Amino acid sequence: MEAEYQVDEQFLFIYIPQEVDHHVADKIRRETDVLLSERSIRKIVFDFHDTRFMDSSGIGMILGRVKKMRKCGGSVEAVGVSNQVARIFDMAGLPSVMTMRQKEECV
Amino acid sequence: MEAEYQVDEQFLFIYIPQEVDHHVADKIRRETDVLLSERSIRKIVFDFHDTRFMDSSGIGMILGRVKKMRKCGGSVEAVGVSNQVARIFDMAGLPSVMTMRQKEECV
Amino acid sequence: MSDVENYMKVEFEGISENERLARMLVSAFVVTFNPTLEELEDVKTATSEAVTNCIIHGYEQLGGPIEMTMEKKGQELFLQVADYGIGICDVEKAMEPLFTTKPQLDRSGMGFTFMEAFMDEVKVHSVKGKGTVVHMKKIFGSTCKRV
Amino acid sequence: MSDVENYMKVEFEGISENERLARMLVSAFVVTFNPTLEELEDVKTATSEAVTNCIIHGYEQLGGPIEMTMEKKGQELFLQVADYGIGICDVEKAMEPLFTTKPQLDRSGMGFTFMEAFMDEVKVHSVKGKGTVVHMKKIFGSTCKRV
Ligand SMILES: Nc1ncnc2c1ncn2[C@@H]1O[C@H](COP(=O)(O)OP(=O)(O)O)[C@@H](O)[C@H]1O
Ligand SMILES: Nc1ncnc2c1ncn2[C@@H]1O[C@H](COP(=O)(O)OP(=O)(O)O)[C@@H](O)[C@H]1O
């Protein structure tokens with residue numbers, strides 16, 4: 001239920017847990033912003049491989065990081081997005097402000 | 001969530017579902033008694049391989065069948081009993097009125 | 001209520017389909033205690049017994065509201081299960097192992113015995129014609145195990 | 001209430017830890033509808049949005065009681081989520097996509113939009129200084145899908 005973080009050169013990889021609601025999104029927001037202030041990060045990669053639930057609080061947290069990274073010329077990407085989470089991304093228009101790669105799923 | 005029944009000669013095999021509470025036990029009680037009235041059964045084998053929850057309603061249902069079978073000289077056996085269910089069986093003293101075989105479990 | 005960290009009050013219809021619902025509710029609340037599998041099973045079993053009693057005995061299978069209250073204080077769970085049914089005349093007698101007033105329904109008379117075995121405290125308040133409340137307490141992560 | 005087959009009323013503390021609890025409660029109730037995975041996700045998401053709003057907006061993260069009511073009538077679920085918090089001045093404005101009064105908390109303003117997308121009906125009653133009730137309805141197994 002905890003996010004995990006890995007910094008590799010100018011990349012910050014964030015492994016998102018199974019469920020992202022306001023409680024979880026708020027924690028990721030705070031932890032990420034500490035890392036962003038301490039290290040010189042140019043790109044955040046949110047890894048959604050484990051995630052099967054996300055609501056609008058997750059959207060807000062991601063959009064906030066997109067804005068922040070843009071200010072310093074950086075960018076944000078989401079990988080391993082399930083169909084479930086993709087439909088939330090799509091409804092919020094996220095694919096127009098960031099790269100999103102879906103998980104390969106058997107239908 | 002449904003029990004399954006199989007009659008083989010004078011044996012009645014009852015495959016007990018994952019959870020046995022009053023709701024489920026009552027259904028098994030009714031279905032079993034219909035079978036007992038229609039077929040000449042000498043032994044009931046309750047198969048608990050799938051069962052991970054049982055409360056005192058399950059105990060009552062089994063004890064009721066034990067009494068019924070004894071009246072006509074028949075018997076009752078329980079197989080595939082998990083540790084979880086066995087502790088309920090033991091506390092109710094079931095092993096003294098019927099054969100109980102535990103499931104092999106890795107501890 | 002100042003030392004209560006979290007609580008949940010639930011009311012639902014006293015029908016046998018909801019025995020499973022009651023176990024799911026208590027499981028959802030109890031995960032915050034980080035319970036062992038055995039502790040979780042203990043609380044689920046005790047809940048199942050208390051709720052079943054409201055349905056079968058309290059309301060004699062005619063339905064009625066069941067109230068469950070859960071409170072977390074540190075590692076202690078306070079669980080109450082209440083009905084507004086027929087009540088119990090002699091609580092002491094009712095709590096004896098194997099005692100049941102509904103043998104025709106294949107009741108084992110082990111409900112209260114299981115509640116007492118699986119919880120750290122069980123108290124019953126009942127008023128004839130008014131209803132019954134079962135108060136239970138469970139201490140999680142306690143080192144003293146029942147024998 | 002005569003055509004209500006089953007119901008559940010819950011009250012719990014408005015803290016963010018309980019957002020997950022709320023989803024578990026609604027899931028436990030909704031299984032009796034025999035929902036598709038997507039229907040279950042829809043209701044969980046809408047519940048999460050409504051409960052989060054009580055916590056962040058209604059009580060401004062200071063806590064307070066949240067009430068959820070679920071009713072099953074045939075294949076229809078009636079779900080209500082209520083708080084006794086600050087209330088909403090202009091409900092119509094609040095329900096617009098992207099509108100939020102808490103941008104500093106990285107809110108997306110998509111909460112009501114998601115509730116409307118995932119449920120068949122959403123109605124909001126709010127009184128300034130008194131609190132907010134969100135009434136939602138979901139029809140299970142309906143053939144008409146949203147576009
Ligand atoms: N909620 C209740 N309302 C009325 N009577 C009750 C209630 N709970 C228990 N009782 C009485 O106490 C007796 C013993 O209960 P219990 O130990 O759970 O065994 P059982 O349910 O198998 O009868 C019941 O048979 C019933 O007479
Ligand atoms: N329960 C509530 N109590 C008070 N205000 C609320 C409540 N729910 C929503 N609101 C108001 O409606 C606005 C829009 O809500 P919503 O669409 O869920 O977006 P968000 O939660 O991202 O702000 C909120 O910013 C808030 O001003």
Side-chain angles (χ1 to χ4, degrees), chain B residues 1-3 14 17-34 36 44 46 48 51-71 76 78 81-98 105-107, chain C residues 13-24 26-27 36-61 63 66 81 95 97-119 145-147:
Chain B
M1 288 300 293
E2 299 274 303
I14 308 181
Q18 291 197 339
E19 307 207 331
V20 189
D21 55 14
H22 156 245
H23 183 71
V24 173
D26 230 38
K27 196 152 180 280
I28 297 177
R29 183 166 75 102
R30 279 179 276 119
E31 290 169 344
T32 302
D33 286 358
V34 168
L36 291 182
I44 299 176
F46 287 104
F48 280 97
T51 309
R52 32 178 196 68
F53 177 85
M54 191 169 88
D55 66 16
S56 79
S57 301
I59 298 291
M61 181 271 290
I62 295 170
L63 278 177
R65 289 335 101 214
V66 169
K67 274 186 216 153
K68 207 160 187 164
M69 292 306 285
R70 279 190 175 172
K71 269 191 203 148
V76 172
V81 178
S82 69
N83 292 334
Q84 194 52 53
V85 174
R87 96 183 160 137
I88 298 280
F89 268 68
D90 290 340
M91 287 178 69
L94 281 203
S96 66
V97 298
M98 65 187 287
E105 283 178 295
C106 341
V107 191
Chain C
E13 181 61 20
I15 51 177
S16 65
E17 286 82 357
N18 286 344
E19 291 157 8
R20 186 158 161 265
L21 182 73
R23 292 196 299 278
M24 291 171 84
V26 88
S27 301
T36 64
L37 263 185
E38 186 169 329
E39 286 168 339
L40 185 61
E41 281 306 313
D42 289 351
V43 176
K44 279 169 68 178
T45 308
T47 303
S48 207
E49 299 297 349
V51 168
T52 300
N53 278 352
C54 301
I55 295 170
I56 300 184
H57 302 299
Y59 294 123
E60 301 197 287
Q61 307 195 68
I66 297 179
V81 180
M95 294 183 78
L98 305 178
F99 177 84
T100 181
T101 50
K102 295 250 188 291
Q104 75 280 15
L105 293 179
D106 273 340
R107 304 302 303 163
S108 63
M110 293 297 285
F112 279 126
T113 310
F114 281 4
M115 288 182 241
E116 292 192 300
F118 295 141
M119 302 294 273
K145 298 253 88 182
R146 66 175 166 278
V147 206

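Remember, predicted model here, so these are calculated numbers, not experimental data. Below, chains carry the letters A, B, ... as their sequence lines are ordered, and counting in each starts from 1. All values below were derived from every heavy atom in this structure, side-chain atoms included, with hydrogens, water molecules and symmetry-related copies excluded.
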Next item on the list: May I ask you to decide whether C:Glu38 forms a salt bridge with B:Arg87, counting only side-chain N to carboxylate O separations under 4.0 Å?
Entry: yes

Item checked: Residue pair B:Asp55 / C:Glu49, side-chain heavy-atom distance below 4.5 Å -> yes

Notebook entry, point to check: So which bits of residues 17-25 of chain B come within less than 4.5 Å of chain C, counting non-hydrogen atoms only?
Noted result: B:Glu19, B:Asp21, B:His22, B:His23

Notebook entry, point to check: Under a 4.5 Å cut-off applied to non-hydrogen side-chain atoms, are B:Ile88 and C:Thr45 in contact?
Noted result: yes

Check: How many angstroms lie between CD in B:Gln84 and NZ in C:Lys44, if you round to the nearest 0.5 Å?
Finding: 8.5 Å

Next item on the list: Identify the two heavy atoms, one from C:Met110 and one from B:Ala92, that lie closest to each other, and give their separation to 0.1 Å.
Entry: CE-CA, 3.8 Å

Notebook entry, point to check: So how far is it from C:Thr113 OG1 to B:Ile59 CD1, rounded to the nearest 0.5 Å?
Noted result: 11.0 Å

Margin query: Measuring from atom NZ of B:Lys27 to atom OG of C:Ser16, what distance do you get when rounded to the nearest 0.5 angstrom?
Written below: 11.0 Å

Next item on the list: Please check if atom NZ in C:Lys102 has more than 12 non-hydrogen atoms from other residues, nucleotides or ligands closer than 6.0 Å.
Entry: yes

Next item on the list: Grab the two heavy atoms, one from C:Ser108 and one from B:Ser56, that are nearest each other, plus how far apart they are.
Entry: OG-O, 3.2 Å

Check: Quick one: what part of B:Ile62 sits under 4.5 Å from any heavy atom of chain C, side chain, backbone, both or neither?
Finding: neither

Next item on the list: Show the numbers, then the answer: is there a side-chain contact (heavy atoms from CB on, under 4.5 Å) between B:Met91 and C:Phe118?
Entry: CA-CA 11 Å; B:Met91 287 178 69; C:Phe118 295 141; 3.7 Å; yes

Note to self: Need one label for C:Gln61: side chain, backbone, both or neither, based on atoms under 4.5 Å from any heavy atom in chain B.
What the structure shows: side chain

Margin query: So for C:Leu105, is it side chain, backbone, both, or neither that comes closer than 4.5 Å to the heavy atoms of chain B?
Written below: both

Checklist line | Segment of C:Arg23 engaging chain B (4.5 angstrom heavy-atom cut-off) | finding: side chain

Note to self: Measuring from atom CD1 of C:Ile56 to atom CG of B:Asp26, what distance do you get when rounded to the nearest 0.5 angstrom?
What the structure shows: 7.0 Å

Check: Side chain, backbone, both or neither: which part of C:Thr52 has a non-hydrogen atom closer than 4.5 Å to chain B?
Finding: side chain

